[in-house]
Participant: 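Here it is: the structure, laid out below.
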Amino acid sequence: MTMPCKAGTDPFMQQNDLFSNTTKQFFDLGGGAEILYWKNWMGAEQAELMRQLIKELPWQQPEIRVAGQNIAIPRKQCWYGDAGAQMHYSGKTFLPLPWSPLLSELRARVVRECEHDFNSVLVNFYRNGQDSVGWHADDEPELGDKPSIASLSLGAKRRFQIKHKNKMLDKTDRTRLNFELGEGDLLLMCGSIQESWQHSIPKTQKLVGPRVNLTFRLVHKY
Ligand SMILES: O=C(O)CCC(=O)C(=O)O
Ligand SMILES: [Mn+2]
């Protein structure tokens with residue numbers, strides 16, 4: 001069953017909250033692929049939250065196998081979740097760390113806002129412009145059909161690019177979108193987006209500060 005970003009969301013709605021800087025926008029990418037985007041979802045507290053996460057999380061830089069070689073991923077990361085919410089990618093299994101009070105509270109806030117359930121979070125730490133994540137879709141089998149994934153970005157703004165998997169379609173403007181994500185922005189990907197689109201955070205030569213991104217996911221246990 002296709003799970004829309006939010007039942008009854010008007011595709012053209014743009015809603016400004018008078019009491020905060022948050023702006024909410026809905027993007028219908030066609031074919032059932034959807035994005036909900038809350039710019040400035042989190043206020044000034046986001047900077048302190050990022051500092052705390054950078055200081056307290058047990059960051060790792062795992063190696064993955066690319067073209068027959070072991071290569072360290074170009075960023076640091078941690079995986080937290082309910083017991084059994086394991087992730088597999090690039091031939092590796094990642095066991096979740098148990099929720100810390102801070103991450104657990106953050107999950108509750110994201111679940112409430114997105115109206116979707118999440119039992120795990122992948123936390124990525126981009127130290128500078130040379131850290132990145134290549135083109136990919138979050139389409140691991142344990143995420144099930146049409147997974148909803150909520151992405152919270154703290155710290156420096158970085159370009160989040162999305163493109164259609166169909167290379168012919170990708171040649172037209174309509175099938176590429178960029179978001180500058182950081183400083184407390186929240187973005188929810190849902191519907192068929194992981195089937196037909198890919199996303200990435202490219203490296204940049206610009207001098208950029210640290211950024212922490214948290215992608216909340218619902219892992220189906222086997
Ligand atoms: O850092 C981001 O905004 C994206 C991270 C991402 O795509 C992932 O962890 O799968
Ligand atoms: Mn991703």
Side-chain angles (χ1 to χ4, degrees), residues 5 27 29 33-42 46 49-50 53-54 57 59-62 64 66 72-81 85-90 92 94 96-97 103 106-107 110 114 116 118-144 146-165 176-204 206 208-219:
C5 277
F27 295 83
L29 306 180
E34 301 176 340
I35 284 182
L36 257 177
Y37 171 47
W38 293 256
K39 194 168 160 36
N40 298 321
W41 180 70
M42 193 174 268
Q46 65 87 27
L49 174 62
M50 181 186 70
L53 293 172
I54 290 175
L57 265 47
W59 297 106
Q60 297 190 338
Q61 195 170 6
I64 53 167
V66 181
I73 61 166
R75 63 192 176 279
K76 296 202 166 191
Q77 71 179 30
C78 294
W79 175 249
Y80 283 82
Q86 304 179 7
M87 274 294 279
H88 305 91
Y89 69 85
S90 299
K92 293 203 163 190
F94 295 89
L97 294 164
L103 287 172
L106 214 44
R107 167 174 66 155
V110 170
C114 296
H116 284 269
F118 303 111
N119 62 8
S120 51
V121 63
L122 178 63
V123 195
N124 280 308
F125 173 24
Y126 304 85
R127 294 157 292 183
N128 53 47
Q130 288 310 294
D131 278 353
S132 60
V133 63
W135 287 112
H136 69 281
D138 298 321
D139 55 2
E140 290 78 17
E142 53 267 52
L143 295 175
K146 299 183 174 53
S148 296
I149 295 174
S151 160
L152 172 62
S153 300
L154 312 172
K157 293 252 184 203
R158 292 288 298 269
R159 177 155 298 175
F160 178 75
Q161 302 184 317
I162 67 166
K163 68 172 183 185
H164 202 282
K165 285 186 188 173
R176 259 191 194 245
L177 268 179
N178 293 333
F179 295 84
E180 304 298 323
L181 295 184
E183 298 176 1
D185 295 332
L186 178 66
L187 184 140
L188 179 66
M189 296 182 267
C190 40
S192 62
I193 189 164
Q194 308 298 340
E195 283 166 27
S196 42
W197 296 73
Q198 290 186 314
H199 53 272
S200 70
I201 301 280
K203 295 187 194 307
T204 173
K206 286 187 204 150
V208 289
R211 171 178 183 269
V212 168
N213 172 266
L214 304 100
T215 46
F216 292 88
R217 300 148 188 251
L218 181 63
V219 171

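Both backbone and side-chain heavy atoms feed into the values below; hydrogens, waters and symmetry mates do not. In each ligand, atom 1 is the first atom listed, and ligand 1 is the first ligand listed.
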Participant: How about Trp59 and Phe125: are their ring centroids closer than 6.0 Å?
Facilitator: yes
Participant: Has Gln61 got a side-chain atom pairing as donor or acceptor with Ile73's backbone, closer than 3.5 angstrom?
Facilitator: yes
Participant: Are any side-chain N or O atoms of Ser120 and backbone N or O atoms of Arg217, one a donor and one an acceptor, separated by less than 3.5 Å?
Facilitator: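 Indeed, once roles are kept as given, a pair shorter than 3.5 Å links the two residues.
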Participant: Output all residues satisfying side chain to side chain contact (heavy atoms under 4.5 Å, CB included) with Glu180, sequence neighbours left out; order by chain, then residue number.
Facilitator: Lys157, Arg159
Participant: Tell me whether Thr215 contacts the main-chain N or O of Ser151 through its side chain, where contact means a donor paired with an acceptor under 3.5 Å.
Facilitator: no
Participant: Taking only residues two or more places apart in sequence or in another chain, which ones pass salt bridge (charged side-chain N to carboxylate O under 4.0 Å, His left out) with Glu195?
Facilitator: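 Expected list: Lys146.
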Participant: How many protein N, O or S atoms are found at a distance of less than 2.8 Å from the Mn ion (ligand 2)?
Facilitator: 4
Participant: If the plane angle is over 60° it's perpendicular, under 30° parallel, otherwise tilted; pick one for His136 and His199.
Facilitator: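 Ring orientation, 0 to 90° scale: perpendicular.
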Participant: Treating Asn124 as the side-chain partner and Asn213 as the backbone partner, does any N or O pair qualify as donor plus acceptor under 3.5 Å?
Facilitator: no
Participant: Taking the ring of Phe179 and the ring of Phe27, is the distance between their centroids below 6.0 Å?
Facilitator: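 They qualify: ring centres under 6.0 Å apart.
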Participant: Between the protein and ligand 1, which nitrogen or oxygen pairs come in under 3.5 Å, and how far apart is each?
Facilitator:
unit_1, atom_1, unit_2, atom_2, d
ligand 1, 1 (O), Tyr126, OH, 2.5
ligand 1, 1 (O), Arg211, NH1, 2.9
ligand 1, 1 (O), Asn213, OD1, 3.4
ligand 1, 3 (O), Arg211, NH2, 2.8
ligand 1, 3 (O), Asn213, ND2, 3.2
ligand 1, 7 (O), His136, NE2, 3.2
ligand 1, 7 (O), His199, NE2, 3.1
ligand 1, 9 (O), Asn124, ND2, 2.8
ligand 1, 10 (O), His136, NE2, 3.1
ligand 1, 10 (O), Asp138, OD1, 3.1
ligand 1, 10 (O), Arg217, NH2, 3.0

